[in-house]
Novice: 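Mind having a look at this structure? Questions to follow.
Residue numbers start from 1 in every chain, and the chains themselves are labelled A, B, ... in the order their sequence lines are given, proteins ahead of strands. Since we're looking at a predicted model, the values are computed, not measured.
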2 protein chains.
Amino acid sequence: MERTPSHPEVSTFNLQQVLEALVDPVRRSIVMQLDATCEDIACGAFDISVSKSTATHHFKVLREAGLIRQHYVGTSRMNTLRRAEMDEALPGLLDALTTPQAQGALISGSAGK
Amino acid sequence: MERTPSHPEVSTFNLQQVLEALVDPVRRSIVMQLDATCEDIACGAFDISVSKSTATHHFKVLREAGLIRQHYVGTSRMNTLRRAEMDEALPGLLDALTTPQAQGALISGSAGK
DNA sequence: GTCAAAGTTTGACGGCTATCGTACTTATAT
DNA sequence: ATATAAGTACGATAGCCGTCAAACTTTGAC
C-alpha cells in the first residue's frame, strides 16, 4: 500500500478551503508551530491538546487545503509547512496570521507600564 | 430606545473572532463589496442571496468582530467598513483577502489562452 | 391616522464538524 | 516472532451555526 498521501497542486488552492482550515485554533496552532521552527515536525511532536485521532483529522484538513506536506520517516509522519507555495497562491495571508498583533500581541519586552 | 448598536474597541479585536466572521462566504462577500466601493451601503443594498433575517445575523457577526460600523439613516441601516482600525489591529489581513489571487484570480485581460 | 419600507427578534430545524474511543495497520526494536 | 510505537480508519456523539418564516418595531410618506 502506498503510504504517501495526495497533496493538492498550488493551482487548486482556494481561499475558502484555506480559511476553513485556519479558522480552527488547533489547526492554526499547528501552522504557527511549523512556521516558528522552519523544520519538519512529526504529528506526535506538536503541542496540542487533542487525542491522536482528532489530530489525524486536523492534519488531513491542513494537507487537503495545501497548508502542509506530509511524508513518512519510519513510523513517524513528518509535516512541512508549504510556506512558499501558499504565499504564491494567497499572498500575505500567512504573513498576516504570524504578525505580533495576530498572535496575542504582548510580546513582553516593553510590556506597557 | 437607542437604535445605535454597540461596537467593540480596536483594543478588543481578536484574530479568532475576525477569522470566524470572515470564513463565511456571505459575510466575506459583504466585506468585499464594502471594500470595493469605499462608501457606506445599506443592509438591503448588498448583493447577497439570503433572507433578511439571515442578513441581520451576518451583519451582527461582522459588527461584533469589529469589521463593520453600523448607523441608522431613516429606516435604513448603513454599513461602513472599519478598514483602518482593522488594519491597525490585524495588519495585512484584509489586504490578503482582497488580492486578485484571493478572489478567483482570472481578472480577464490576459486570460491565459 | 394609515400604510409601506427596512430591519430585528424569536424560535425552529438541519447539517456540518470537532471530538473521542476502539480497533486496525505499519514499521522498528529486541 | 513479539512487542511497542506512531498513526489511521471508523463509528458515534454533541454542539454550534447558517438558514428560514413569522411576528414585531421603527421610521417616513401620503
Novice: Quick check: is A/V26 connected to A/L97 through a chain of hydrophobic side chains (ILVMFWY, heavy atoms under 4.5 Å apart)?
Specialist: yes

Novice: Any N/O pairs under 3.5 Å between the protein and nucleotides 11-17 of chain C? List them or say none.
Specialist:
none

Novice: In this structure, how many angstroms lie between the P atom of D/dG7 and the NE2 atom of A/H71, rounded?
Specialist: 12 Å

Novice: Does B/K52 have any side-chain contact (heavy atoms from CB on, under 4.5 Å) partners at least two apart in sequence or in another chain, and if so, which?
Specialist: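 If we apply the side-chain contact (heavy atoms from CB on, under 4.5 Å) test to B/K52, skipping adjacent residues, there are no hits.
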
Novice: If the test is side-chain contact (heavy atoms from CB on, under 4.5 Å), which one of A/H58, A/Q70, A/R69 qualifies with A/R63?
Specialist: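 Among the candidates, only A/Q70 passes.
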
Novice: Under 4.0 Å, heavy atom to any atom of DNA chain C: which of residues 31-38 of chain B qualify?
Specialist: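 Listed by number, there are none.
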
Novice: Between the base of D/dA21 and the side chain of B/S53, is one N or O donor paired with an acceptor at under 3.5 angstrom?
Specialist: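 In this structure, the two groups form a donor-acceptor pair.
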
Novice: Apply side-chain contact (heavy atoms from CB on, under 4.5 Å) to B/A55 and list each qualifying residue two or more places apart in sequence or on a separate chain.
Specialist: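 B/A55 satisfies side-chain contact (heavy atoms from CB on, under 4.5 Å) with B/I48, B/V50, B/F59 only.
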
Novice: Between A/V73 and A/V61, name the one whose nearest nucleotide on DNA chain C is closer to the 5' end.
Specialist: A/V61

Novice: Are B/V61 and A/V23 co-members of a hydrophobic cluster defined by side-chain heavy atoms under 4.5 Å apart?
Specialist: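 Each belongs to a different hydrophobic cluster.
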
Novice: Hey, does the side chain of A/Q17 reach the backbone of A/E64 with a donor-acceptor pair shorter than 3.5 angstrom?
Specialist: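 Yes: the side chain of A/Q17 pairs with the backbone of A/E64.
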
Novice: As a quick check of understanding, evaluate side-chain hydrogen bond (donor to acceptor under 3.5 Å, both in side chains) for B/T99 and B/Q103, giving each step before the final call.
Specialist: CA-CA 6 Å; B/T99 61; B/Q103 321 288 351; over 6 Å; no

Novice: Separation of A/I30 atom CD1 from C/dA18 atom P, in whole Å?
Specialist: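 After rounding, the gap between these two atoms is 11 Å.
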
Novice: Please give, in whole Å, the distance from D/dG7 C1' to A/H58 NE2?
Specialist: 15 Å

Novice: By the salt bridge (Lys or Arg N to Asp or Glu O under 4.0 Å) test, which pairs, at least two apart or in different chains, include something from residues 29-43 of chain A?
Specialist: A/D35-A/R83

Novice: What integer distance in Å separates B/L19:CG from D/dC17:P?
Specialist: 14 Å

Novice: Could you check if a side-chain atom of B/L90 sits within less than 4.5 angstrom of a side-chain atom of B/V18, using non-hydrogen atoms only?
Specialist: yes

Novice: Check nucleotides 4-7 of chain C against the protein and report each pair of N or O atoms closer than 3.5 Å, with its distance, or say if there are none.
Specialist:
residue	atom	partner	partner atom	Å
C/dA6	O4'	B/T75	OG1	3.3
C/dA6	O3'	B/T75	O	3.4
C/dG7	OP1	B/C43	N	3.4
C/dG7	OP1	B/R77	N	3.3
C/dG7	OP2	B/G44	N	2.9
C/dG7	N7	B/K52	NZ	2.3

Novice: Contact between A/D87 and A/L93 at the side-chain level, heavy atoms closer than 4.5 Å - yes or no?
Specialist: no

Novice: Does a side-chain N or O of A/T54 approach OP1 or OP2 of C/dT19 to a distance below 4.0 Å, or not?
Specialist: no

Novice: Would you indicate whether the side-chain heavy atoms of B/S11 and B/E88 approach each other to under 4.5 Å?
Specialist: no

Novice: For C/dT25, take OP1 and OP2 only and decide whether either is under 4.0 Å from a side-chain N or O of A/R3.
Specialist: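 Answer no for this pair, as no side-chain N or O of A/R3 is under 4.0 Å from OP1 or OP2.
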
Novice: Between A/G74 and A/V50, which residue's closest nucleotide on DNA chain C lies nearer the 5′ terminus?
Specialist: A/V50

